[in-house]
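Below you'll find the structure, written out as structure tokens, and then a few comments.
Lettering follows sequence order; numbering is per chain, from 1. When reading the values below, keep in mind they use all heavy atoms of this one structure, side chains included, and skip hydrogens, waters and symmetry mates.
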2 protein chains.
Amino acid sequence: MSRDRGRGKRDDAGVSTTRKTFAILETLADADGVTITELTRRTEFTKSTVYRHLTTLVDLGYVIERDGAYDIGFRFLEISEQARTRRRGYTAAKRSVFELGKETDERAVFIVEEEYEGVYVHRYGSLSDTMIGKRRPLHSLASGKVILSEWDDDTVADFVATAGLDAITDNTITDPDTLAAELEQIRDRGYAVNNEEHMDGLRSVAVPVYTPADDLLGALSVFGPTSRFTDEYVHDDLPNRLRDKAGEIRVTLAYG
Amino acid sequence: MSRDRGRGKRDDAGVSTTRKTFAILETLADADGVTITELTRRTEFTKSTVYRHLTTLVDLGYVIERDGAYDIGFRFLEISEQARTRRRGYTAAKRSVFELGKETDERAVFIVEEEYEGVYVHRYGSLSDTMIGKRRPLHSLASGKVILSEWDDDTVADFVATAGLDAITDNTITDPDTLAAELEQIRDRGYAVNNEEHMDGLRSVAVPVYTPADDLLGALSVFGPTSRFTDEYVHDDLPNRLRDKAGEIRVTLAYG
DNA sequence: AGATTCTGTTTTATTATTCGGAACATTCAT
DNA sequence: ATGAATGTTCCGAATAATAAAACAGAATCT
């Protein structure tokens, strides 16, 4: 019995007004600090519709209006933080990501699976690369492969059937059998490596993070340019550091 | 001319369906991992209404359904991150909060003003206290007073008239003149202190964070128990540390 | 200064959609 | 097997969202 994941692919039943609201919201998130007419241009709705939805959102506090321009408000932060603190381990992972990044001086992330996608939950890195909340195909990430390696064959098969194995780069694993072999190796080694499977010039290493009850919480990962991420670094140094941090999270959860 | 802040206090015009959706969403955020009937109990809506709204949100991916229980999804993280990265300084402040917390071994936060309220945007602290996204009255926080001290008299007066000066503890400043004097002192010193004005047994220190263009970005703050937060610690040691970190953010933005 | 062309806002009748209640289906526990 | 929960579907009635056009105000241009 494979888990019920992935998009439900329901028909377009339900509340269509709510769909409109979120369509406007997503457009606004893409183009922040935008005016009503500009937002109307970017959506398929009329000006009065956008106007009414927006003013409602402003009234609710979810959208901020400043000098006629509209922005996503911090009230969403309160809601999203609910998802980020649902499991205590997520919070523990936050600190580990930071320490890991500081100690290695590399970019570090903590990734969780939701709806058959990898979601960046915590990150340490430069000012510019803001990936938190972004969603990526599991099979193209070291952390994603780590998560896949924890699932049983049926679930992986369902994932392949539902999400597919799209080629993100030339190196992305697109063959189910190759994936199965890769996952087997990850289970053996205890860590996953990504060789430019998600982005050219980028390698990464990831390990699973478990709760004290041995439930999979997510994956801890470090990534960087191929020039610096040599085989030795990737296969010897980093896996141990990552495992240490993953272990710390477990211990923190067990003994506070 | 005071700025147009605070809640617009519009009438209940607009899209009432959207209001319902967010009412359900907020209830769900309060009581995560809840069932449809339970959610119906906690709201003023009928079961079919909650059902329709929820399934729509699940279909959109903003709510996750697992074994009949509903959770806030990580898709909100993508939206809220838009607010958190709107200004580059917000991202820079994240690292400063972490370093500050690590170095002082205290709880540290970065706070921003929105709609006349103080919003916790970044925090370093123990596993349990999750304050990110939470909103607090500006006049009851050291960081809030720092922000108020940067405003002109008209804006402060408008804030007092709109938000009021509610007493949160016995020490909260509730008198406008006392507040004015306090803000004057903060401007002189360059930092603000909170003496159990927000919570009994808690003291804190805060400094303003500026952009290279001298715009106020937010406030950096450290807080802890009165027992440990002696006058010397609060007035000598911490202000300098905080100022250093605030300066680093500025420099990062200018040359980083 | 006057005219033009953008905005944001309001109004209206029409239409489409949400709503609530009840019926149905399903699961679970006893 | 029975009963009491739950989740789900259906439907007519009532409401609420919609589009379009008209209005107001600001900004830009001549």
task: Could you walk me through whether B:T46 and B:T49 pass the side chain to side chain donor-acceptor pair (under 3.5 Å) test, one step at a time?
output: CA-CA 5 Å; B:T46 60; B:T49 299; 3.0 Å; yes

- request: Rounded off to whole Å, could you give me the CG-to-P distance for the B:L39 and D:dT6 pair?
  value: 13 Å

task: For the side chain of B:I36, starting at C-beta, report the closest nucleotide among D:dT6, D:dT8, D:dA17.
output: D:dT8

- prompt: Across the strands shown, which category fits B:S48 at heavy-atom distances under 4.0 angstrom: base, sugar-phosphate, nothing?
  reply: base

task: Nearest whole angstrom, please: distance from the P of D:dA26 to the CG of A:D67.
output: 14 Å

field: Phosphate-side-chain proximity, B:K20 and C:dC19, N/O vs OP1/OP2 below 4.0 Å
entry: yes

- prompt: Could you give the CG-to-P distance, from A:L54 to C:dT7, as a whole number of Å?
  reply: 15 Å

- line: Judged by nearest nucleotide, the residue sitting upstream toward the 5' end of DNA chain C, A:E38 or B:T49, is A:E38

- request: Ignoring backbone atoms, establish whether A:R52 has a side-chain N or O less than 4.0 Å from OP1 or OP2 of D:dT18.
  value: yes

task: Enter the distance from B:T40:OG1 to B:L54:CG here, rounded to the nearest 0.5 Å.
output: 8.0 Å

- prompt: What does B:T17 touch in the nucleic acid at a heavy-atom separation under 4.0 angstrom: a base, only the sugar-phosphate, or nothing?
  reply: sugar-phosphate

- prompt: Using a cut-off of 4.0 Å on non-hydrogen atoms, how would the nucleic acid contact of B:K47 be classed: base, sugar-phosphate, or nothing?
  reply: base

query: How many angstroms lie between NE2 in B:H53 and CD1 in B:I36, if you round to the nearest 0.5 Å?
result: 12.0 Å

task: Round to the nearest Å and state the distance from B:E65 atom CD to D:dT6 atom C1'.
output: 13 Å

A:E114 side chain to B:F74 backbone, donor-acceptor under 3.5 Å: yes

message: Taking only side-chain N and O atoms of A:T55, does any of them lie within less than 4.0 angstrom of OP1 or OP2 on C:dT9?
response: no

- request: Mind calculating the distance between OH (B:Y51) and C1' (D:dT8) to the nearest angstrom?
  value: 5 Å

query: Does OP1 or OP2 of C:dT7 have a side-chain N or O of A:R41 closer than 4.0 Å?
result: yes

field: For atom CG of A:D59 and atom P of C:dT9, their distance in whole Å
entry: 13 Å

task: May I ask you to verify if any side-chain N or O of B:H53 is less than 4.0 angstrom from the OP1 or OP2 atom of C:dT18?
output: no

- prompt: Going by the angle between their ring planes, with limits at 30° and 60°, are B:W151 and B:Y116 parallel, tilted or perpendicular?
  reply: tilted

query: Of all the nucleotides listed (C:dT18, C:dT7, D:dT18), which has the minimum atom distance to the side chain of A:T37?
result: C:dT7

